[in-house]
Amino acid sequence: MKNAFIRAMYYRHACKLFDIDKKIGETDMRAILEFGRLSPSSFGMEPWRFLVVRDQKLKESLRPLCWNQPQITTCSDLVLIKSIVAPLAPGSEYSRSMLSRRNLPKEKIEAYFKIYDDFSSRKLVTEGLFCWGSRQCYIAAANMMTGAAMMGIDSCPIEGFEKDKVEALLDMDPAHEELALIVAFGYRVNEAPEKIRLPLEEIVEFR
Ligand SMILES: Cc1cc2nc3c(=O)[nH]c(=O)nc-3n(C[C@H](O)[C@H](O)[C@H](O)COP(=O)(O)O)c2cc1C
């Protein structure tokens, strides 16, 4: 298990060019989306929403808004990970319904609502709801990419895009949801470059 995971970590790299003729099978793509769905989120709010773009014309319209990166048009499935925004607000109907799923007794649920409202109010002031939501989208993205690598599927996380323009092209309502990150999935054309990372000693401290 440990070896399989570490192999996947080495296999995964930010793939710059995908084989345009090799498409990901439906079952494999559903598994990748499932890895995202099963990811942890703050208060279990599951703020991520996945828009899977397979249409070549739409990919071509997106590419100039994404620093003209070839991954956009050569990948098999381009997953735009959006974070919901307004539904995360304190007191929202969405937060109530998500928190109520736990089947807790009424007084416990009421207390839970209050904890959520206090916490999300602080987030609203300190970093904003989109920032809070999108940090969790990144966790989903990481699970999807490593899970894909375990199945021999390549990926590239993409932050190089003009957010406002992509959101406008997709008719997104920024009050409701915003674009957090794009992840391209497909199959590599070129071999992965050597992994470059700082040594553990430089990034870890034990106390
Ligand atoms: C949040 C984030 C955004 C990134 N955006 C891009 C991008 O727009 N284009 C790109 O080619 N790579 C992008 N990358 C890939 C990084 O450059 C890459 O992960 C890093 O250099 C380490 O290389 P490796 O992933 O191949 O090991 C991004 C990575 C992350 C985590």
Side-chain angles (χ1 to χ4, degrees), residues 2-20 22 24 32-33 35-36 39-42 46-53 56 58-85 127-170 172 174 177-204:
K2 188 171 74 182
N3 287 345
F5 192 78
I6 203 85
R7 267 200 306 276
M9 295 293 285
Y10 274 99
Y11 187 83
R12 189 216 57 78
H13 70 294
C15 181
K16 307 293 182 193
L17 187 69
F18 295 93
D19 182 342
I20 197 164
K22 251 177 123 177
I24 300 172
I32 293 171
L33 293 165
F35 304 148
S39 298
S41 60
S42 186
E46 303 176 46
W48 42 72
R49 297 293 179 267
F50 306 118
L51 171 64
V52 185
V53 176
Q56 197 57 24
L58 182 52
K59 288 178 194 164
E60 271 153 26
S61 309
L62 284 164
R63 182 168 163 170
L65 312 180
C66 303
W67 300 2
N68 202 26
Q69 301 191 60
Q71 301 92 312
I72 301 289
T73 45
T74 58
C75 73
S76 164
D77 291 56
L78 189 69
V79 180
L80 285 83
I81 309 185
K82 305 175 288 180
S83 170
I84 50 169
V85 181
E127 59 180 311
L129 296 175
F130 169 63
C131 191
W132 181 39
S134 67
R135 284 199 278 116
Q136 296 159 66
C137 290
Y138 279 58
I139 297 174
N143 285 333
M144 292 161 86
M145 290 188 289
T146 313
M150 288 191 96
M151 301 190 294
I153 295 172
D154 293 299
S155 61
C156 186
I158 296 172
E159 232 180 13
F161 54 79
E162 295 176 71
K163 182 173 171 290
D164 295 353
K165 291 186 184 167
V166 175
E167 288 173 349
L169 179 78
L170 298 170
M172 285 169 59
E177 55 182 21
E178 293 185 44
L179 181 59
L181 181 69
I182 299 177
V183 186
F185 291 96
Y187 294 93
R188 68 187 71 180
V189 169
N190 302 313
E191 274 317 298
E194 190 199 345
K195 260 273 164 270
I196 310 171
R197 291 292 187 273
L198 294 170
L200 268 188
E201 296 68 38
E202 252 182 70
I203 57 164
V204 182

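Whatever order the structure lists them in is the order used to number ligands and atoms, beginning at 1.
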field: Distance-only N or O hit between ligand 1 and W67, under 3.5 Å
entry: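 Not met; the criterion fails.
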
- prompt: Hey, is ligand 1 close enough to L181 that some N/O pair sits below 3.5 Å?
  reply: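 L181 vs ligand 1: no N/O contact under 3.5 Å.
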
message: My understanding is that we take every heavy atom of each candidate and find the minimum distance to atom 14 (N) of ligand 1. Doing that for C66, P157, C15, which one comes out nearest?
response: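 It is P157 that holds the nearest heavy atom.
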
Spacing of [atom1] belonging to [X] relative to [atom2] belonging to [Y], to within rounding of 0.5 Å:
X    : Y    : atom1 : atom2 : value
F185 : D154 : CZ    : CG    : 10.5 Å
S39  : I139 : OG    : CD1   : 7.5 Å
I32  : I153 : CD1   : CD1   : 4.0 Å
I72  : I158 : CD1   : CD1   : 4.0 Å
C75  : R188 : SG    : CZ    : 15.0 Å
N190 : C15  : CG    : SG    : 7.5 Å

- prompt: Checking K163 against F130: charged group under 6.0 Å from the ring centre and within 45 degrees of the axis?
  reply: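 Yes, K163 lies over the aromatic ring of F130.
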
[X]: numbered ligand 1 atoms lying under 4.0 Å from its heavy atoms:
X    : value
H13  : 26 (O)
Q69  : 7 (C), 8 (O), 9 (N), 10 (C), 11 (O)
G160 : 8 (O)
R12  : 24 (P), 25 (O), 27 (O)
Q71  : 10 (C), 11 (O)
Y138 : 1 (C)
C156 : 10 (C), 11 (O), 12 (N)
K16  : 10 (C), 11 (O), 12 (N)

Just to confirm my output: which protein heavy-atom neighbour is closest to [atom], and how far is it?
atom                    : answer
atom 2 (C) of ligand 1  : E159 OE1, 4.1 Å
atom 23 (O) of ligand 1 : R197 NH1, 4.0 Å
atom 26 (O) of ligand 1 : A14 N, 2.8 Å

Contact between [X] and [Y] at the side-chain level, heavy atoms closer than 4.5 Å - yes or no?
X    : Y    : value
K16  : Q71  : yes
F18  : T73  : no
M145 : P157 : yes
T146 : N143 : no

query: How about atom 8 (O) of ligand 1: does it have a protein heavy atom within less than 4.0 Å?
result: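 Yes, because at least one protein heavy atom sits under 4.0 Å from atom 8 (O) of ligand 1.
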
- prompt: Is there at least one protein heavy-atom neighbour under 4.0 Å from atom 28 (C) of ligand 1?
  reply: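 Given the 4.0 Å cut-off, atom 28 (C) of ligand 1 counts as touching protein heavy atoms.
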
Close approach, F161 and ligand 1, non-hydrogen under 4.0 angstrom: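 For ligand 1, residue contact (heavy atoms, under 4.0 Å) with F161 is absent.
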
message: One residue to check: M9. Relative to ligand 1, which of side chain, backbone, both or neither has a non-hydrogen atom less than 4.0 Å away?
response: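 No part of M9 comes within reach of ligand 1.
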
